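Everything on this sheet refers to the single structure shown next.
Note that the coordinates shown come from a computational prediction; the quantities given were computed from them, not determined experimentally. So that the names make sense, note that chain A is the first sequence line, chain B the second, and so on, each numbered from 1.
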There are 2 protein chains.
Amino acid sequence: MTTRRTGLREQKKQATRVALREAALRLALQYGPENVRVDDIAEAAGVSPRTYNNYFSSREQAIVAAVTAEREERIAAAVADRPAHDRLADALADAIVEQYTEPDDHDVLLLITENPSLRDAFLDTAATLEHPLADAIAQRLGDTAGTLTARVLAATVAAAVRAALHQWLQPPAAPCATGGLVVPSGSLPDLLRSALAALAPALDAADKLQDVQTG
Amino acid sequence: MTTRRTGLREQKKQATRVALREAALRLALQYGPENVRVDDIAEAAGVSPRTYNNYFSSREQAIVAAVTAEREERIAAAVADRPAHDRLADALADAIVEQYTEPDDHDVLLLITENPSLRDAFLDTAATLEHPLADAIAQRLGDTAGTLTARVLAATVAAAVRAALHQWLQPPAAPCATGGLVVPSGSLPDLLRSALAALAPALDAADKLQDVQTG
DNA sequence: AGTAAAACATGCGTGCGCGCAAGTTTGCGT
DNA sequence: ACGCAAACTTGCGCGCACGCATGTTTTACT
């Protein structure tokens, strides 16, 4: 049972969501993000403009949604697939870096990088990591640890990813490098690993706690 | 302005109606009318079974609707296209006979003829002639004649057509031929013309009345 | 024939998409 | 700088489709 809602209603809802996403991305790539109106996306998706805003609350959301679609699910799945004896911190870092460096997305990420209005929307998508990640972490920690722990860790990881993306999207004009724990303005994988390294102690603590209880 | 409702809502409604019609006909031709369930039609149309019965109140209606789809509109258009100086009775008869003898429909009409449950549903479709025909007749008579006259004539014509179809669908086993005004058990065109001939006096009367008024 | 199962048809509550009418933001021309 | 028009976003009501539960009819099996 992967998806509980197998109803025809839910199918069609997801279908229009995907149609909107793909139409938005296609039009943005073809005409440039600034030359695409909400009405155009809605029409291309065969849907009312009002319905567009029932799914996405801003014009940019649909475009970035197409880019980050299912990335969250892939990350959660990748976390779940790591060997159980791996450190949680490593599993998370590996899965996240792996999924944020898909070569397929590279040209599209450029599109986002170059458009300031898309950047903000893109950063917001990091929040969507939280729920699937919470499930994956909870499963990894086992039911013995409270759900709260998993949720908190997922939230902090998502925040860290968001911060890394934020740093990465900054134009490299800023000199930065304050000598803190996080080394800024590097490649995206480095930024992600650095950001997550700061969380390693918390992740290790939860991880060890779980080891004691189970074994 | 052919269609006033150009809204997206109406478009999609007609789309699902057409999808149901065509799915029903396709399945009926492929597997036989008795081996097609409502659920199959609905699924083929990408729609809930409940929705099927929002459009068609019986299993057979969708099948026959596909056969008679837009025939009513074609008849009304054909009536409107006849020269204005033609007798109304002739215009009606010609238009109706013409549209009920489309060679494309012939194999499908056989399907209906051979299935008793489809025959009843098919006869009911004659009633759908009434509204478009009323408009065509009203336009032909001009606004001087009351709308009521046009409606009454349209209703009687539709009833006559229904009677002719009813007669035509009867297996020729019945001896009939009672010497009345209507000669039964002939070809469909003959039956239609005979049935409409009985209405000619009424049609002529309305026609002449209109000629007097318009001068 | 009689009963069980399947298919058909309908009432009713709910959710989603549409259409309209605001109010707000953005960009352009004067 | 100022308005003005286009585009964006949201609130609200309505209509259509869905899902379910019910009652009825048809079919199949013994």
Side-chain angles (χ1 to χ4, degrees), chain A residues 1 3-25 27-28 31-65 115-122 124, chain B residues 1 3-25 27-28 31-65 115-122 124:
Chain A
M1 154 219 337
T3 58
R4 185 57 177 278
R5 311 283 296 272
T6 51
L8 194 50
R9 202 171 251 166
E10 193 67 16
Q11 275 181 248
K12 294 189 175 181
K13 199 163 76 158
Q14 295 308 322
T16 68
R17 178 176 292 274
V18 171
L20 281 170
R21 275 202 309 237
E22 300 191 341
L25 181 58
L27 292 177
Y31 303 108
E34 303 306 321
N35 304 322
V36 176
R37 289 170 306 182
V38 168
D39 292 27
D40 299 331
I41 300 174
E43 186 180 358
V47 131
S48 162
R50 182 65 185 90
T51 296
Y52 176 92
N53 281 328
N54 287 342
Y55 284 86
F56 303 101
S57 58
S58 83
R59 191 174 114 265
E60 295 83 8
Q61 264 192 19
I63 301 175
V64 299
N115 288 88
S117 61
L118 292 183
R119 289 206 288 257
D120 298 348
F122 178 65
D124 292 339
Chain B
M1 159 213 338
T3 57
R4 185 58 176 276
R5 311 283 297 272
T6 50
L8 195 49
R9 202 172 252 168
E10 193 67 18
Q11 274 181 247
K12 293 189 175 181
K13 197 163 74 160
Q14 296 307 323
T16 67
R17 178 177 293 274
V18 171
L20 281 171
R21 276 202 309 236
E22 300 190 342
L25 181 58
L27 293 177
Y31 302 107
E34 304 303 323
N35 303 323
V36 176
R37 288 170 306 181
V38 168
D39 292 28
D40 299 332
I41 302 175
E43 186 180 358
V47 131
S48 164
R50 184 64 184 90
T51 296
Y52 176 92
N53 281 327
N54 286 341
Y55 284 86
F56 303 101
S57 58
S58 84
R59 191 175 114 268
E60 296 82 8
Q61 264 193 17
I63 301 175
V64 300
N115 287 89
S117 61
L118 291 183
R119 288 205 290 256
D120 299 347
F122 179 65
D124 291 339

[N] [atom2] sits how many Å from [X] [atom1], rounded?
X: B/Lys12; N: C/dC16; atom1: NZ; atom2: C1'; answer: 11 Å
X: B/Leu8; N: C/dC20; atom1: CG; atom2: C1'; answer: 14 Å
X: A/Glu34; N: D/dA7; atom1: CD; atom2: P; answer: 14 Å
X: A/Asn35; N: D/dA6; atom1: CG; atom2: C1'; answer: 14 Å
X: A/Gln14; N: C/dG15; atom1: CD; atom2: C1'; answer: 14 Å
X: A/Glu10; N: D/dG19; atom1: CD; atom2: C1'; answer: 13 Å

Determine all donor-acceptor pairs shorter than 3.5 Å in which one atom belongs to a side chain in residues 39-46 of chain B; sequence neighbours excluded.
{"from": "B/Asp40", "atom 1": "OD1", "to": "B/Arg37", "atom 2": "NH2", "distance (Å)": "3.0"}
{"from": "B/Asp40", "atom 1": "OD2", "to": "B/Arg37", "atom 2": "N", "distance (Å)": "3.2"}
{"from": "B/Asp40", "atom 1": "OD2", "to": "B/Arg37", "atom 2": "NE", "distance (Å)": "3.2"}

Between the protein and nucleotides 6-13 of chain C, list every N/O to N/O distance that falls short of 3.5 Å.
{"from": "C/dA7", "atom 1": "OP1", "to": "B/Arg37", "atom 2": "NH1", "distance (Å)": "2.9"}
{"from": "C/dC8", "atom 1": "OP1", "to": "B/Val38", "atom 2": "N", "distance (Å)": "3.2"}
{"from": "C/dC8", "atom 1": "OP2", "to": "B/Val38", "atom 2": "N", "distance (Å)": "3.1"}
{"from": "C/dA9", "atom 1": "OP1", "to": "B/Arg59", "atom 2": "N", "distance (Å)": "2.9"}
{"from": "C/dA9", "atom 1": "OP2", "to": "B/Arg59", "atom 2": "N", "distance (Å)": "3.1"}
{"from": "C/dG11", "atom 1": "N7", "to": "B/Arg50", "atom 2": "NH2", "distance (Å)": "3.0"}
{"from": "C/dG11", "atom 1": "O6", "to": "B/Arg50", "atom 2": "NE", "distance (Å)": "2.6"}

| request: Kindly say if B/Tyr55 contacts the phosphate of D/dA17, meaning a side-chain N or O under 4.0 Å from OP1 or OP2. | output: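 Indeed, a polar side-chain atom of B/Tyr55 lies that close.
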
| message | Any residue in residues 15-23 of chain B with a heavy atom nearer than 4.0 angstrom to DNA chain D? Just list them by number, or reply none. | response |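 Output list: B/Thr16.
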
| Partners meeting side chain to side chain contact (heavy atoms under 4.5 Å, CB included) with B/Ser58 (sequence neighbours left out) |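 B/Ser58 satisfies side chain to side chain contact (heavy atoms under 4.5 Å, CB included) with B/Glu60, B/Gln61 once adjacent residues are dropped.
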
| field | Contacts of A/Asn115 that satisfy side-chain hydrogen bond (donor to acceptor under 3.5 Å, both in side chains) - sequence neighbours left out | value | A/Glu34

| Minimum side-chain heavy-atom gap A/Val47-B/Lys12 below 4.5 Å | yes

| At their closest point, which heavy atom of B/Val64 faces which heavy atom of B/Leu118, and how far apart are they? |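 Nearest heavy atoms, B/Val64 then B/Leu118: CG1-O, 3.8 Å.
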
N/O donor-acceptor pairs under 3.5 Å from side chains in residues 17-25 of chain B, not counting sequence neighbours:
none

| Worked verdict on A/Arg9 versus A/Lys13 for side-chain contact (heavy atoms from CB on, under 4.5 Å) | CA-CA 6 Å; A/Arg9 202 171 251 166; A/Lys13 199 163 76 158; over 6 Å; no

| query | Atom CZ in A/Arg119, atom CG in A/Asp124: separation rounded to 0.5 Å? | reply | 13.5 Å

